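Before any comments, here is the structure.
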Amino acid sequence: MSAHILTVDDSASIRMTTRIALTGAGYQVTEAVDGVDGLAKAKGGRFDMIVTDLNMPNMNGLAMIQALRASPAHTGIPIIFLTTESDAEMKAQAKAAGATGWITKPFDPEQLVKITRKVLGK
Amino acid sequence: MNLMDPVQVFRMEAAELFVVIEEGLLDLLGDLSNQAQIDAVFRGLHTLKGSGAMFGFEALAAFTHHCETAFDRVRKGEVPATAELVAAVLEAQDHMKALVDTPNGDHEATGNGLLAKLQAAVGAKAAQGCVVAAPLPAAVASISTTAAPAATRWRLRFRLPVNAMANGTNPLGLLDELAELGDCTIKAETSAIPSLDAIEPDDLHIGWTVELTTTQPQPRAAIEDVFIFVMDDMEMVLEEVSSAPTPAVAPTSVALPLAEAAPSEPARAVNTAPAIADAKQTKPAAENVRVPAERLDELMDRVGELVIAQSRLSQLAGVSADIQLRSVSEDVERLSGELRDTMMVLRMVPVGSLFGRFRRLVHDLARETGKEIELVTEGETTEVDKTVIERLADPLVHLVRNSIDHGLEMPEERLASGKARAGRVTLSARQAGGEVIITIRDDGRGIDRERVRAKAEASGLIQPGQMLLDQELLQLILQPGFSTAAQITSLSGRGVGMDVVKKTVEALRGVIDMHSTPGEGSEISLRIPLTLAIIDGLLVRVGTGSYVIPLSAVEECLELSAEEDLRSRGRSFISLRDHLVPFLRLRELFRTGTPPDRYQKMVVISTGNERVGLVVDQIIGDHQTVIKAMSKLHHDVVTFSGATILGDGNVALILDVTHLVTVGQQQEAQLRAAG
């Protein structure tokens with residue numbers, strides 16, 4: 001069974017890019033459109049990893065990461081967030097909230113796959 | 001459209017982001033302290049920049065970055081939101097649109113001009129050179145030794161933070177990665193493991209010592225790269241163990257800052273009040289699927305064909321004795337009805353999406369004309385067929401422009417006549433029966449009937465002194481080539497006149513009502529059928545022909561006995577619950593030769609308040625009617641709005657309710673005039 005990854009981003013183009021990259025590398029991908037959606041999907045399914053944007057409407061990525069880490073069922077699941085070069089403060093907050101790692105935007109799809117392999121192992 | 005092209009998706013997304021940003025900015029103009037909108041605008045700009053950079057819109061990303069920076073400062077309370085800033089960003093937004101449309105165009109001069117305005121609006125510091133889409137720091141690699149990759153030996157001692165595993169880091173994965181760099185021996189350091197009763201299963205208490213022999217060209221960077229995500233929080237000692245065992249040369253680095261993590265990163269001044277989720281946000285995100293509009297139309301056509309096939313089946317089953325066939329036919333009828341309804345809902349969009357565009361228009365017009373305008377929208381949730389919305393956009397723009405340009409007065413003039421300074425333009429939408437009514441109302445000076453008459457006489461539309469009903473006079477405005485603007489401004493009077501509005505509305509089988517009170521304002525209503533494709537109809541027979549009456553217009557069906565018919569002959573009015581309702585004998589209207597049925601039926605139809613009875617031979621029943629347009633040859637036919645194909649392959653004409661009601665009401669008016 002290939003690993004199942006949840007991607008959370010309000011931008012359809014970024015979701016599409018991540019999906020193409022990850023499914024191309026053999027992963028199974030489920031998409032969510034914001035933090036609320038992401039949280040619901042994460043709690044409703046079994047995922048091996050979560051890739052999330054930070055800046056989103058309804059519930060931002062930071063709050064979603066905090067909520068996930070607060071639930072015992074989701075400690076330990078790798079969470080990678082997308083951030084920009086200029087967002088050092090957000091990055092620090094996301095790490096403190098319990099994120100596993102990050103990808104700096106703009107990223108190229110290979111980089112995403114590389115980091116996914118790194119985090120998931122094998 | 002290729003749905004698999006992310007650039008295309010980005011363009012669509014950018015268009016949506018522009019709407020969000022614009023709405024936010026316009027709201028801010030009304031209330032500069034609206035934090036929710038400041039956040040929304042910032043988020044929109046942020047996403048635009050981030051996605052733009054991803055898909056090769058570097059110029060867009062670089063430009064948007066400055067606007068984002070400005071809004072970030074507002075968001076953090078460093079600078080106040082000012083009307084100048086909002087206006088500057090509104091203006092900048094048009095430039096961003098251009099950068100999305102023609103990313104390779106020559107936009108630099110415009111961009112710099114806008115940035116200067118932006119700078120002025122936030123104080124000079126806002127837009128100091130920030131480079132977006134900076135090349136990723138892979139370049140670090142090129143600096144140091146490019147010597148032949150000789151094997152080097154390293155000793156690494158590290159201890160991850162206690163919560164590393166809970167946060168998703170897999171230490172075994174890190175050890176695997178180290179092992180991929182070269183030969184290594186790994187030793188676990190277990191002294192820190194607490195006693196069993198104090199242990200938390202997710203906590204990590206083990207440290208490791210790894211001895212690694214690697215031929216990597218950049219061994220230190222490669223090793224550090226393994227720990228890229230935990231580097232800042234872990235304890236690590238990394239030293240090169242040269243073949244000569246003198247450790248003095250090897251520098252010891254503890255918790256090296258990553259090349260990537262810029263020195264500007266705050267020294268873990270972790271915000272103790274973590275950003276709380278935007279819990280106040282209202283609507284839960286719906287999961288959407290994008291479908292090209294043509295596919296919806298195709299599906300609609302198929303559903304239409306299915307409905308026709310289904311009515312053939314029903315007809316066959318109706319005359320068959322086979323009970324099973326009948327039962328299947330009933331199921332198919334129910335299902336195709338439901339399918340049709342679902343299809344209709346798919347095509348319906350709230351009219352608010354149309355109204356939204358007017359806020360910008362009004363904002364711009366207010367600036368251009370120097371008038372003060374308040375735009376009020378009502379009934380945004382009213383749903384209308386997508387095609388109708390698209391076609392109504394231009395006519396509505398024209399009507400709103402007209403209201404503002406011709407209708408509303410300058411602030412001083414308004415004050416002088418005892419009105420509020422700001423003129424009010426109201427856009428409202430509501431559903432009534434099978435129609436949606438969109439109204440544009442202003443509280444301006446009203447339509448000057450004398451000027452309308454003078455203009456119409458001058459342009460030969462009417463004879464000098466010709467008697468006209470008030471409605472007729474007002475409707476003259478809709479004639480081709482008519483414009484009352486004494487002086488053609490940049491807003492209206494551009495040649496696309498009210499006649500285009502009229503044509504568009506009529507093409508949608510709609511009508512335009514106009515009311516105007518001098519000094520108090522004008523109101524123009526567009527009444528448009530809700531949908532264009534399939535309607536519920538009442539199938540009736542007149543003589544040997546079948547006709548369809550839109551069911552949404554039908555109020556009731558009565559029997560008209562031969563005696564009653566005789567009694568009312570010549571008057572063509574029937575008393576219906578104390579109201580006199582005019583009626584039309586369709587047999588006469590259609591000049592049917594065959595003898596009438598003994599019991600004539602009357603179908604009472606209405607459009608809003610006005611009612612008319614239609615006398616037919618037989619009421620056959622309800623019929624799902626797939627509307628087929630009449631051919632161009634029949635464009636001047638007024639009694640029928642279209643045709644449909646019946647189950648047996650025959651054609652039935654669809655009655656134009658609006659027209660018939662008008663004819664009936666004229667009868668009533670004549671009677672009143674006579675009596």
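Protein chains get the first letters and strands the later ones, always in sequence-line order, with residue 1 at the start of each. Please read these numbers as outputs of a predicted model, since none were measured by experiment.
In this structure, A:Lys118 and B:Phe227 approach most closely via the heavy-atom pair NZ-N, 4.4 Å. Residues B:Phe42 and A:Asn55 come closest through the heavy atom pair CE2-ND2, 3.7 Å. The two residues A:Val119 and B:Phe229 come nearest to each other via the heavy atoms CG2-CE1, 4.2 Å. Of all heavy-atom pairs between A:Ile14 and B:Phe55, the closest is N-CZ, 4.1 Å.
To the nearest 0.5 Å, atom CG of residue B:Asp232 and atom NZ of residue A:Lys91 are 7.5 Å apart.
Counting only distance, with no hydrogens or angles, the side chain of A:Arg69 and the backbone of B:Asn167 share a donor-acceptor pair below 3.5 Å.
Contacts of A:Ile115 with chain B are made by side-chain atoms alone, with heavy-atom separations under 4.5 Å and no backbone atom involved. When heavy atoms are compared at a cutoff of 4.5 Å, A:Ile77 approaches chain B solely by way of its backbone atoms N, CA, C and O. Residue B:Leu174 touches chain A through its side chain alone, counting heavy-atom pairs closer than 4.5 Å. With a threshold of 4.5 angstrom between heavy atoms, A:Ala12 approaches chain B through its backbone and through its side chain. Contact of A:Leu68 with chain B is not made at all, since no heavy-atom distance falls under 4.5 Å. For chain A, the nearby parts of B:Met54 are the backbone and the side chain; heavy atoms of each come within less than 4.5 Å. Only the side chain of B:Thr47 comes within contact range of chain A, judged by heavy atoms closer than 4.5 Å. For B:Asn163, no part lies near chain A; criterion is any non-hydrogen pair under 4.5 Å.
Across B:Gln8, B:Arg11, B:Glu13, a single residue satisfies side-chain hydrogen bond (donor to acceptor under 3.5 Å, both in side chains) together with A:Ser13, and that is B:Glu13.
Chain B forms more heavy-atom pairs under 4.5 Å with one residue of A:Gly61, A:Ala97, A:Gly101 than with any other, namely A:Gly101. Comparing B:Val226, B:Leu17, B:Leu172 by how many heavy-atom pairs each has under 4.5 Å with chain A, the most go to B:Val226. Of the listed residues (A:Thr100, A:Ile65, A:Asp53), the one with the most heavy-atom contacts under 4.5 Å to chain B is A:Thr100.
At most 12 heavy atoms of other shown residues, nucleotides or ligands fall within 6.0 angstrom of atom NZ in A:Lys114. Within a 6.0 Å sphere centred on CD of B:Glu16, heavy atoms belonging to other residues, nucleotides or ligands number more than 12.
Taking the charged nitrogens against the carboxylate oxygens, A:Asp10 and B:Arg43 have no contact shorter than 4.0 Å, which rules out a salt bridge.
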